[in-house]
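Notes to accompany the following structure.
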Amino acid sequence: MSSTKPDNLIAIIDCNNFYVSCERIFNPKLFNKPTVVLSNNDGCVIARSQEVKELGIPMGIPIFKIQHLVEIHDIQVYSSNFSLYGDISRRIMQIIQAENPSVELYSIDEAFITLNPRYRDVESYCEDLKKRILQWTGIPVSIGVGKTKTLAKIANHLAKKLYPDKGVCILDEINTEELLQRVKVEDIWGVGRQKTKFLKLNGIFSALDLKRANPFWVQKHMTIISRHTVDELNGIPKIELEDDFVSKKTISTSRSFRKNISSLSVLENAVSSHAARAAEKLRTQKGYITSLGVYVSTNRFRDDLPQYRQFITVNFPLAINDTAGIIQAAIQGLHAIFIPELEYKKCGVILNNIIRDNQVQESLFHSRRNKEELLSSSIDTINKAYGLNTIKYAIQGSPESWSIKREKLSQSYTTNWNDLLSINLEP
DNA sequence: TCTGGGGTCCTAGGACCC
DNA sequence: TCTGGGGTCCTAGGACCC
């Protein structure tokens, strides 16, 4: 109801350099030092402090390619610590949810809310919220406000660029066109590399150019999504705020290996661990599946080695959600696509076609896997209480041989009693 | 030597049917 | 040169996002 009022505004609250900011909370010596956080296996840069951005180091670059810069500029390097980031995120979202009826948790570090300017001074509310989040969690955020999600995202981008101290930018009737002129087309939400190339070829360089583009032309030569972007730039909402819990349509778990793997039994360990994790996620949203996908692939960067990528779908006679059944199917799929003597770098399990528990059809010839489901839900309860993989299936093996490398991991300051911050008072 | 993971949505094209 | 036409359903793959 509230979101359909025409005078509603949308705000996006976005944490600045989120993973780096999380590391800084418990490690003040990192303030003002160039700092990066790496992806799994300590592979690529996935978060950069402002100082690192200013050095021109791009997002996603493999760390080994900038090793010389790390040394020259004394860049602080951390493995990703998702249990810490997830916990800090939860605290920030709770602050936002406590004061706003309609919140969309868009990603680990972003939330959309609706604001009604009739009931609130939007600008001072945003400034207060920003201060409160910083004071209560130590995380700096930026807030952008506009009539649509796309405009709010642009306002957020402008807040970081034009008003880094205030951290708030509001696009209104008066300033919108002037500000849109200063935003490059590639900085618009929903415009990636391919669309940027196409738009520039057609003389569209700024957000203002795209706002003024003919929506029919855009729909014909691009996609319906791009047309929605044009409408949203014009203040016509096309992308709804999703403030309810939405079940995932696909669930996937995958990892690259620390080293290349040729052994089938190690691949079985990895695939069954991914299957078990996916099954757990499936049950938290009360889902069932009638098929799943398994894939393996070699290292695509090693053009000196034979390349192989294969995906397979395995179907079940009836819908299941128990770990044993899902592992069994995934292993069966793995055996069908495994080729000996190749060097594998990655594998994964994907659950598609997820249905809700109340849509599951009973089969005439099979009874529901009641025993297996009960067992799985008991294991979930235990693992939730005592930690991931307290109980697991034997085929999951021990992860040493294939699990990820995290050599520069910070402590789990907020989620593990053994990792609480300790302060040494000795001089 | 070393290159992430987990999602969503759209479209093109093939299979199949009448 | 022509080779029927039109619908639906499904899947693979691309583009994009964080």
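Note that this is a predicted model, so its numbers are computed, not measured. Each chain gets a letter, A, B and so on, in the order its sequence line appears, and its residues count up from 1.
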Hey, what's the ring geometry for A:Trp402 with A:His274, parallel, tilted or perpendicular (30° and 60° as the breaks)?
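Ring orientation, 0 to 90° scale: perpendicular.
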Using the ring of each side chain (for Trp, its six-membered ring), is A:Phe82 parallel, tilted or perpendicular to A:Tyr85, with breaks at 30° and 60°?
perpendicular
Would one find a side-chain N or O of [X] under 4.0 angstrom from OP1 or OP2 of [N]?
X	N	value
A:Ser254	B:dG6	yes
A:Lys346	B:dT3	no
A:Lys197	C:dC16	no
A:Ser252	B:dG7	yes
A:Ser256	B:dG5	yes
A:Lys259	B:dT1	no
A:Arg302	B:dT3	no
A:Lys248	B:dT8	no

Between [X] ([atom1]) and [N] ([atom2]), how many Å, whole number?
X	N	atom1	atom2	value
A:Lys195	C:dA15	NZ	C1'	6 Å
A:Asn315	C:dT11	CG	P	9 Å
A:Phe82	B:dG7	CZ	P	13 Å
A:Ile239	C:dC16	CD1	P	14 Å
A:His274	B:dG5	NE2	C1'	10 Å
A:Phe311	C:dA12	CZ	P	7 Å
A:Phe257	B:dG5	CZ	C1'	14 Å
A:Asp187	C:dC18	CG	C1'	15 Å

By the 4.0 Å heavy-atom rule, please label [X] as base, sugar-phosphate, or nothing.
X	result
A:Leu38	nothing
A:Ile350	nothing
A:Asp42	nothing
A:Lys281	sugar-phosphate
A:Gln67	nothing
A:Asn41	nothing
A:Thr253	sugar-phosphate

Identify which nucleotide among [options] has an atom closest to any side-chain atom of [X], counting heavy atoms from C-beta outward.
X	options	answer
A:Lys65	C:dC16, B:dT3, B:dC9	B:dT3
A:Glu110	B:dG4, B:dG5, C:dC18	C:dC18
A:Asn40	C:dC18, B:dT11, B:dG5	B:dG5
A:Lys345	B:dG7, C:dC16, B:dT3	B:dT3

Intra- and inter-strand pairs of DNA chain C in dot-bracket (Watson-Crick or G-U wobble, both distances under 3.5 Å; | for another strand)
....||||||||||||||
A:Lys184, NZ: over 12 other non-hydrogen atoms inside 6.0 angstrom:
no
Other residues, nucleotides and ligands only: do more than 12 of their heavy atoms fall within 6.0 Å of CZ on A:Arg132?
yes
Taking only distance into account, with no hydrogens and no angle test, what donor-acceptor pairs under 3.5 Å do side-chain atoms of residues 329-352 of chain A form with protein atoms, sequence neighbours excluded?
from     : atom 1 : to       : atom 2 : distance (Å)
A:His335 : NE2    : A:Glu268 : OE2    : 2.6
A:Glu343 : OE1    : A:Asn260 : ND2    : 3.4
A:Tyr344 : OH     : A:Ile339 : N      : 2.9
A:Tyr344 : OH     : A:Ile339 : O      : 2.8
A:Lys345 : NZ     : A:Phe257 : O      : 2.8

Under the criteria of a ring-centre distance below 5.5 Å and an interplanar angle below 30°, is A:Phe64 stacked with the base of B:dT1?
no
Distance to the ring centre below 6.0 angstrom and angle to the axis at most 45 degrees; does that hold for A:Arg227 and A:Phe216?
yes
Do you know which two heavy atoms are closest between A:Asn321 and A:Gly287, and how far apart they sit?
CB-O, 3.3 Å
Working for side chain to side chain contact (heavy atoms under 4.5 Å, CB included), residues A:Ser403 and A:Arg258
CA-CA 6 Å; A:Ser403 70; A:Arg258 183 195 294 246; 3.9 Å; yes
I need the single residue from A:Asn8, A:Ile10, A:Ile143, A:Asn100 that forms a side-chain contact (heavy atoms from CB on, under 4.5 Å) with A:Leu115. Which is it?
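It is A:Asn100; the other options fail the test.
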